[in-house]
Amino acid sequence: MGSRLQCPRCSSTFPLESFRSTCTCGSLLDVRHDPPPVPAQKLAEIFGARLRPPSAANDPFPGVWRFRELILPEAPDPALSLREGNTPLFRHPAISHFAGVEELWLKHEGMNPTGSFKDRGMTVAVGVARRLGYRALLCASTGNTAASLAAYGALGGLPVLVLAPQGKVALGKMIQTLAFGAFIVEITGDFDEALRLAMRLADDHRIALLNSVNPFRIEGQKTAAFEIAEGFGWDVPDWVVLPAGNLGNISAYGKAFEELQSWGFTKRMPRLAAIQAEGANPFYRSFQLGFAQRVEVKAETIATAIRIGSPASFERAVRAVRSSEGVVEQVTDVEILEAKGAIDACGLGCEPASAAALAGVRKLRSRGIIGPKQRVVAVLTGNLLKDPDAVLRRAQDLDNRTTLPASEVDLRKLVERVLQRER
Ligand code: F0G
């Protein structure tokens, strides 16, 4: 089975080993695979069997690599893996009630090793960069890419340089990045500026750029969509809803569902919904214009992960929305926090950007775009502990933190209050 890098705009091709992100014409490149030589049904069985022990213990291809035939048939052996992926789908009556959609599942990507979906892409892209002999790894990041790259760089023994917007990286992500030993530069500009700088620095051929402009990142991130289809018995839900910032992830889901259909795994595509924060909504605005033009904004939102005004994967994401008959919606910071409150209150928890997905489902339902009987998967992209400040800011409203003397009498009174609290 052959694979290559291909330009969706001018059709130029490059070998995988070129590890390029952009074509000479300026467009981002995609990895293109020939159809797998094994029939879809047989491969689906193989993917399922790889999930089960005893192969798990000494598997050279753990985590997302059980789908290797569809992401990178010539996988680095052994894979550079933290056993990412294979994240759960949850249903909870309170969440369904909140959104007004009975058949609503949450795909919790915050349960990946570094607490976000980025690990799926990093295991592939960092593994390839290492095999190709790159000496250092580079990214711009609002935080999660940084934490994930820092972890996979550490695992693979490669130094990591991160460019981040000053004061806008949530604490948990900063802590992970530092702990894993990456160099982090907080620049005075925003994420968009940091990414422009990183793309320029990447002309140094000793250092590999690991943002989602990198086509190998997209290949790894496709596996979340594969798991959703597999979870639905190799069918798809009516909708898959995800938060959108730099637009790499929605592009990965679009590519994955297109490939599953064209290779015979599924009969149709789900409709994709990209949800943006109102203060960081360039893709939403462009969608309102029928994608007739690309829009840039100066981004501001409490959901710092998606505080992005000039998304790099714009063209890929337009394809994903169009080919899936998808939509782009926006939600306010208040709506994001309400949704986060609902997710936190049922014990799952997520970071603010992830809650945008649920806020988006609720809005699309209230606007009648999602039907009450439709099957919906909302993707929670990051773990609650990523952004502790977002919780501390809310703790006062929650009224569940107090200081008391260590007196049994006082504590017994509190026990009465706790027993009365209704869920
Ligand atoms: N959700 C979370 C938690 C994220 O960290 C990101 C992106 C997104 C959603 C949006 O995904 O960019 O592919 O559209 N975080 C990047 C980072 C920008 O640097 O960690 P996207």
Side-chain angles (χ1 to χ4, degrees), residues 28 107-112 114-122 138-151 160 162-165 168-170 172-174 176-177 182 184 190-195 198 209-214 217-218 220-222 224-225 241-255 272-277 280-284 299 301-314 316-318 320-321 328 331 336 339-340 343 349-360 378-387 390:
L28 295 180
K107 171 98 174 141
H108 208 324
E109 290 289 283
M111 299 198 174
N112 274 295
T114 76
S116 85
F117 68 97
K118 307 285 182 179
D119 298 343
R120 294 178 182 275
M122 288 304 172
L138 167 71
C139 75
S141 180
T142 58
N144 281 323
T145 299
S148 183
L149 181 59
V160 171
V162 171
L163 309 185
K168 297 293 178 185
V169 175
K173 307 173 190 183
M174 181 62 84
Q176 290 177 292
T177 307
I184 181 158
D190 55 14
F191 168 84
D192 302 293
E193 180 68 28
L195 182 57
L209 180 65
L210 272 297
N211 278 98
S212 59
V213 293
N214 183 316
R217 281 271 314 272
I218 302 294
Q221 287 176 208
K222 284 181 344 190
V241 182
L242 51 163
N246 209 27
L247 304 181
N249 212 28
I250 185 101
S251 305
Y253 278 68
K255 186 170 191 283
L272 297 179
I275 312 299
Q276 296 215 288
N281 64 356
F283 195 47
Y284 171 77
T301 166
I302 182 189
T304 52
I306 51 173
R307 187 175 171 274
I308 295 172
S310 176
S313 287
F314 175 82
R316 288 170 170 166
V318 169
V321 170
V328 186
V331 291
I336 289 174
K340 176 172 158 58
I343 295 163
C350 68
E351 68 166 285
S354 309
L358 179 61
V379 181
L380 302 183
T381 44
N383 190 283
L384 178 142
L385 285 174
K386 290 286 192 175
D387 193 345

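Both ligands and their constituent atoms are indexed starting at 1 by order of listing.
With a 4.0 Å cut-off on non-hydrogen atoms, Lys173 does not touch ligand 1 at all.
Checked options Leu380, Asp387, Leu385; the residue passing with Asn383 is Leu385 (criterion: side chain to side chain contact (heavy atoms under 4.5 Å, CB included)).
Residue Ala244 has no nitrogen or oxygen atom sitting less than 3.5 Å from a nitrogen or oxygen atom of ligand 1, judged on distance alone. Looking at ligand 1, you'll find an N or O of Gly248 within less than 3.5 Å of one of its N or O atoms. On a distance-only criterion, Ser212 and ligand 1 share no N/O pair closer than 3.5 Å. When only interatomic distances are considered, the shortest N/O to N/O separation between Ser354 and ligand 1 does not fall below 3.5 Å.
Every heavy atom of Ser116 sits 4.0 Å or more from the atoms of ligand 1. Heavy atoms of Lys118 approach ligand 1 to within less than 4.0 angstrom.
Applying the 4.0 Å criterion to heavy atoms of Asn144 picks out, from ligand 1, the atoms 2 (C), 3 (C), 4 (C), 5 (O), 20 (O). Atom numbering of ligand 1 starts at 1 in the shown order; those under 4.0 Å from a heavy atom of Ser141 are 17 (C), 19 (O), 20 (O). The Glu351 neighbourhood of ligand 1 comprises atoms 3 (C), with distances under 4.0 Å to a heavy atom of that residue. Interface of Thr142 with ligand 1, defined as ligand atoms under 4.0 Å from a residue heavy atom, comprises 15 (N), 16 (C), 17 (C), 18 (C), 19 (O), 20 (O).
Residue, atom and distance of the protein heavy atom nearest to atom 12 (O) of ligand 1 are Asn246 N, 2.8 Å.
Across Leu380, Leu247, Asn383, Thr304, heavy-atom proximity to atom 21 (P) of ligand 1 is greatest for Leu247. Considering Asn211, Ile308, Ile306 only, the shortest heavy-atom separation from atom 8 (C) of ligand 1 involves Ile306.
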